[in-house]
There are 2 protein chains.
Amino acid sequence: MQPARRLYRRESEENRRSALIAATQELVAEGGPEAATVRAIAERAGVTPGLIRHYFTSKDELNRAAYRTLMDGMTAKGADAIEGVGASPEERLAAFIAASLRPPVLDAGAVVLWAGYMHKVRSDADLLAVHEAGYLAYRDTLQRLIETLPRDTSPGQTRREAVACNALIDGLWVEGSLLPAAFAPGEVVTIGLGSIGAILGIDLLAQSAKLPDFGRTQT
Amino acid sequence: MQPARRLYRRESEENRRSALIAATQELVAEGGPEAATVRAIAERAGVTPGLIRHYFTSKDELNRAAYRTLMDGMTAKGADAIEGVGASPEERLAAFIAASLRPPVLDAGAVVLWAGYMHKVRSDADLLAVHEAGYLAYRDTLQRLIETLPRDTSPGQTRREAVACNALIDGLWVEGSLLPAAFAPGEVVTIGLGSIGAILGIDLLAQSAKLPDFGRTQT
DNA sequence: TCCGCCTTTATACACATGTATAACAGGTTT
DNA sequence: AAACCTGTTATACATGTGTATAAAGGCGGA
């Protein structure tokens with residue numbers, strides 16, 4: 001008697017694509033790009049390897065989709081955080097920054113996933129475009145928040161400030177995620193708000209005290 | 001007639017190890033970790049694949065050595081930059097920062113190399129230790145430079161400032177390397193000095209004008 | 001109820017990868 | 001000059017990889 005052929009259910013194209021993308025992201029986050037083999041992805045997604053090439057013309061295309069999904073999700077989570085917060089520009093900016101420096105955005109898996117794809121940016125022009133679009137989207141959101149602050153600014157100032165703040169958040173995000181033991185709980189958020197406030201010449205730490213969930217992960 | 005056995009010269013252990021490490025770094029920088037196969041590394045280093053396992057017990061160990069060499073080199077280049085600079089603490093700090101945000105440190109290959117290894121940090125405890133040591137070494141150098149500034153500081157202040165400045169430099173280093181076209185020549189250095197000066201409450205841009213080679217890559 | 005489409009599985013293939021082991025030869029010692 | 005050590009090459013092997021192609025079965029329409 002032969003081993004029975006595997007039973008299956010037909011799923012919508014969207015379900016299958018997102019399941020494959022999620023499986024890819026999980027595997028890259030856990031073990032790096034080398035762990036995300038066609039067979040491992042298929043197993044994680046509960047399908048057989050062949051199906052991947054039914055929905056994606058190649059494994060590279062699946063990787064691009066996974067990276068794009070990651071980048072979009074990061075800025076979306078930050079944008080979500082300013083919803084429902086008081087109308088004060090300072091408060092909204094503080095909420096945006098804090099959200100980027102706290103779980104689930106501050107997460108070792110996310111950093112590793114991001115880093116895992118970064119090297120492909122050089123060899124894959126499409127992926128570079130994805131990266132650039134994601135980076136600029138995040139920075140633009142930041143710059144728009146900065147422009148709403150009640151300050152006098154010189155030409156090009158907010159652009160430079162947005163670049164600096166973005167870089168600061170990125171750096172804190174990486175090290176805070178990778179070396180959580182090197183920081184006290186909530187310290188990454190405090191440092192981020194304090195130093196960005198210094199760059200912009202406002203007191204963000206005072207503003208953040210008003211945020212509803214700010215005390216959650218604090219010491 | 002058989003193809004003749006390949007001629008070779010015996011080399012010192014140090015030469016061979018460093019050649020293999022350099023070849024590994026180059027390949028990872030060019031095509032990511034997946035491009036750094038045993039055979040490719042050997043070819044680049046001008047030896048045959050078997051020799052790798054004569055000097056390194058496994059390919060993973062070679063990768064660890066390559067990552068350690070990278071991290072050490074980065075802080076060393078920054079430290080070199082403050083040699084021979086005027087004794088003013090502000091000048092020395094500005095020189096250190098500028099060196100980290102200019103080639104050869106600001107380099108897409110270096111970022112990709114760094115990112116390529118970062119994902120291994122989660123699965124390889126030894127590599128995590130290498131990462132942490134490298135990160136703290138750089139940050140400590142920064143903190144020591146900050147402490148020499150003539151200011152009144154509160155307890156823990158310089159630590160938080162060092163974390164923030166380190167993160168800012170990291171973030172600028174990544175984006176400046178990966179998207180050089182998104183910035184004007186020298187803009188990354190200017191933004192770095194300006195915003196770090198704001199964090200520390202000093203004017204680093206004025207100081208940097210005194211640096212001998214500052215105008216080199218400026219607009 | 002039965003037919004047919006198309007999602008999904010199964011199998012095969014060519015090639016790359018890391019590792020192990022044995023044979024060879026450069027260079028030093030005697 | 002001859003013996004020896006060991007750095008170095010060469011070969012083999014088991015396994016894993018992405019991809020191609022054919023077969024099968026779920027599920028909707030007639």
- Query: Taking the nucleotide of DNA chain C with the closest heavy atom to each, which residue, B:Val38 or A:Ser12, is nearer the 5' end?
  - Reply: A:Ser12
- Ignoring backbone atoms, establish whether B:His54 has a side-chain N or O less than 4.0 Å from OP1 or OP2 of D:dG7. yes
Taking the side chain as every heavy atom from C-beta outward, state whether [X] and [Y] have any pair of such atoms under 4.5 Å apart.
{"X": "B:Asp107", "Y": "B:Pro104", "result": "no"}
{"X": "B:Leu20", "Y": "B:Val47", "result": "yes"}
{"X": "B:Ile199", "Y": "B:Leu168", "result": "yes"}
{"X": "A:Glu175", "Y": "B:His131", "result": "yes"}

For [X], which contact category applies under a 4.0 Å heavy-atom criterion: base, sugar-phosphate, or nothing?
{"X": "B:Arg39", "answer": "base"}
{"X": "B:Tyr55", "answer": "sugar-phosphate"}
{"X": "B:Thr37", "answer": "sugar-phosphate"}

Let me know the distance between [atom1] of [X] and [atom2] of [N], rounded to the nearest Å.
{"X": "A:Lys59", "N": "D:dG16", "atom1": "NZ", "atom2": "P", "answer": "15 Å"}
{"X": "A:Ile41", "N": "D:dG18", "atom1": "CD1", "atom2": "P", "answer": "7 Å"}
{"X": "B:Glu11", "N": "D:dT9", "atom1": "CD", "atom2": "C1'", "answer": "15 Å"}
{"X": "B:Ile52", "N": "D:dA10", "atom1": "CD1", "atom2": "P", "answer": "15 Å"}

- Query: Along nucleotides 21-30 of chain D, 5' to 3', which nucleotides get a B, which get an S, and which get a -, given that the test is a protein heavy-atom distance under 4.0 Å?
  - Reply: --BBBBS---
- Message: I need the minimum non-hydrogen distance between A:Leu193 and A:Leu204, along with the two atoms involved.
- Response: O-CB, 3.6 Å
- Where chain A begins and ends its contact with DNA chain C, read 5' to 3' at 4.0 Å from heavy atoms: C:dC6 to C:dA10
- Check A:Tyr135, A:Tyr67, A:Trp173 against A:Trp114 for a ring pair (Phe, Tyr, Trp, His ring centres under 6.0 Å) and give me the one that passes. A:Trp173
- Chi angles and distances behind the salt bridge (charged side-chain N to carboxylate O under 4.0 Å, His left out) call for B:Arg16, B:Glu14: CA-CA 5 Å; B:Arg16 280 276 131 95; B:Glu14 182 177 329; over 6 Å; no
- Item | Spacing of CD1 belonging to B:Ile169 relative to CZ belonging to B:Arg139, to within rounding of 0.5 Å | 12.5 Å
- Task: State, without any angle test, whether B:Tyr8 and B:Thr48 hold a side-chain donor-acceptor pair at a distance under 3.5 Å.
- Result: no
